[in-house]
Amino acid sequence: MSESPRPTGKPARQNVTFDSNGTPAHGYLALPPAGSGPGVIVIQEWWGLTDHIADVTDRLAAEGFVALAPDLYGGNVAHDSQEAFRMMRELPVESGVDLLSGAVDHLLALPEVTSDTVGTVGFCMGGGFVLYLAAKDPRVSAAVPFYGVIQGEVPDFSGLRAQILGHYGERDETVPVPTLDGLRRTIQEQSGIDPDFRMYPADHAFFNDGRPEVYDADSAAKAWTATTDFLRSTIQ
């Protein structure tokens with residue numbers, strides 16, 4: 001993960017409050033032009049619920065999905081990499097997964113959501129949480145980690161039901177390419193599911209157009225098209 005500062009100093013983007021396992025949680029919800037559609041959970045980078053994550057949520061809504069980005073940091077947003085690292089480390093994986101499962105509860109209960117399962121799309125730290133959540137929650141049918149960072153132990157994928165489409169940069173030093181072979185084998189052996197890991201001639205965070213030092217427009221466009229097609233074909 002790059003040491004450059006976050007592009008803006010704006011507060012977390014929130015427009016909805018929901019119950020997550022008996023605790024109030026917050027997030028950013030976007031509805032499609034038609035007013036209804038399949039549900040997708042968007043999971044933040046280590047910076048927090050930033051304008052970039054809200055923009056991704058809006059873009060998914062424009063593609064026809066009801067998209068919800070839960071706020072894993074409770075309104076806090078990191079302003080530099082040291083703060084982001086501290087905030088990420090202070091969020092226990094189990095607590096994050098519990099909050100995300102509550103977000104799935106909320107999303108599937110919305111009358112605007114037409115699907116019985118949800119898709120998940122996450123970036124960096126959020127990409128790791130995509131895999132943790134999919135491994136735990138069988139209501140996740142489509143998992144899309146962008147350069148996902150798995151914190152600590154690799155999840156137990158024996159309960160995985162989701163199909164996986166992963167996007168990774170060939171020059172990513174945070175998620176080295178050789179580590180993906182072991183992750184793929186673990187997923188296959190434990191779940192029988194063969195993840196589709198795709199490589200791009202890019203760095204870590206290549207999808208974040210708010211960070212011109214790493215953004216790769218061509219790779220981002222290809223990954224986005226593949227993601228929306230995958231979500232449409234996989235969410236039930």
Side-chain angles (χ1 to χ4, degrees), residues 6-8 10-21 23-33 36-78 84 87-88 91 93 95-110 112-113 115 117-134 137 139-149 162 165 167 205 207-211 220 223-224 227-228 230-231 235:
R6 195 178 67 84
T8 69
K10 296 180 181 179
R13 292 285 295 274
Q14 298 177 350
N15 65 2
V16 64
T17 300
F18 58 92
D19 177 84
S20 177
N21 301 302
T23 301
H26 308 279
Y28 182 81
L29 178 71
L31 300 178
S36 63
V40 176
I41 297 288
V42 182
I43 310 180
Q44 67 192 52
E45 294 175 300
W46 69 341
W47 306 110
L49 184 48
T50 61
D51 286 348
H52 169 61
I53 297 301
D55 178 65
V56 172
T57 308
D58 288 336
R59 290 176 63 186
L60 283 166
E63 294 283 349
F65 301 99
V66 177
L68 171 63
D71 188 346
L72 293 176
Y73 289 167
N76 296 312
V77 173
M87 292 165 68
M88 180 181 70
L91 174 66
V93 169
S95 298
V97 173
D98 285 345
L99 189 152
L100 292 168
S101 289
V104 174
D105 291 337
H106 177 71
L107 191 60
L108 288 176
L110 292 176
E112 294 87 356
V113 173
S115 57
T117 64
V118 302
T120 54
V121 179
F123 306 85
C124 182
M125 178 190 81
F129 271 113
V130 160
L131 296 176
Y132 280 112
L133 180 62
D137 197 326
R139 297 172 299 173
V140 176
S141 59
V144 186
F146 277 75
Y147 31 87
V149 175
L165 171 64
H167 303 295
F207 191 79
N208 191 336
D209 55 5
R211 298 185 56 199
W224 180 254
T227 295
T228 53
F230 175 74
L231 293 173
I235 301 175

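Only this structure's heavy atoms are used, side chains among them; waters, hydrogens and symmetry mates stay out.
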Trace of the side chain to side chain contact (heavy atoms under 4.5 Å, CB included) decision for Gln44 with Thr50: CA-CA 8 Å; Gln44 67 192 52; Thr50 61; over 6 Å; no
Derivation and outcome, side chain to side chain contact (heavy atoms under 4.5 Å, CB included), residues Leu110 and Leu29: CA-CA 11 Å; Leu110 292 176; Leu29 178 71; 4.1 Å; yes
Test item: Arg211 and His52 side chains (from C-beta on) under 4.5 Å apart, heavy atoms: no
Separation of Thr228 OG1 from Leu60 CG (nearest 0.5 Å): 8.0 Å
Tyr73 and Leu49, any side-chain heavy atoms less than 4.5 Å apart: no
Non-hydrogen atoms of Ala69 and Ile53 that approach each other most closely: CB-CG2, 3.9 Å
From Ile43 atom CD1 to Leu99 atom CG, the distance as rounded to the nearest 0.5 Å: 10.0 Å
Gap between atom CG of Asn15 and atom CG of Asp71 - 0.5 Å precision: 11.0 Å
His106 NE2 to Ile41 CD1 distance, which is reported to the nearest 0.5 Å: 9.0 Å
Trp46 vs Val149 side-chain heavy atoms within contact, under 4.5 Å: no
Taking every non-hydrogen atom, the tightest pair across Pro38 and Ile235: CB-CG2, 3.9 Å
Separation between OH of Tyr147 and CG of Asn208, rounded to the nearest 0.5 Å: 6.0 Å
Intermediate values then yes/no, side chain to side chain contact (heavy atoms under 4.5 Å, CB included), Phe207 and Val56: CA-CA 10 Å; Phe207 191 79; Val56 172; 3.9 Å; yes
Expected output: side-chain Ser115 to main-chain Gly39 donor-acceptor under 3.5 Å: yes
Sub-4.5 Å side-chain heavy-atom contact between Leu91 and Phe129: yes
Test side chain to side chain contact (heavy atoms under 4.5 Å, CB included) applied to Val130 and Val144, step by step: CA-CA 7 Å; Val130 160; Val144 186; 5.7 Å; no
Thr120 side chain to Ala142 backbone, donor-acceptor under 3.5 Å: yes
Reported CZ-to-NE2 distance for the pair Phe230 and His167, which is rounded to 0.5 angstrom: 8.5 Å
Partner residues of Ala30 under the side-chain contact (heavy atoms from CB on, under 4.5 Å) criterion, sequence neighbours left out: Tyr28, Thr57, Asp58, Ala61
Backbone of Asn21 reached by a side-chain donor or acceptor of Asp98 within 3.5 Å: no
Minimal non-hydrogen separation, Val66 against Pro32, with atom names: CG2-CD, 3.7 Å
Close side-chain approach of Leu231 and Phe65, heavy atoms under 4.5 Å: yes
Minimum heavy-atom distance Gly74-Gln14, with the two atoms named: C-NE2, 4.1 Å
Non-hydrogen atoms of Glu45 and Met125 that approach each other most closely: O-CE, 3.8 Å
Phe18 side chain near Pro70 side chain, heavy-atom distance below 4.5 Å: yes
Side chain proximity check, Arg139 to Asp105, heavy atoms < 4.5 angstrom: yes
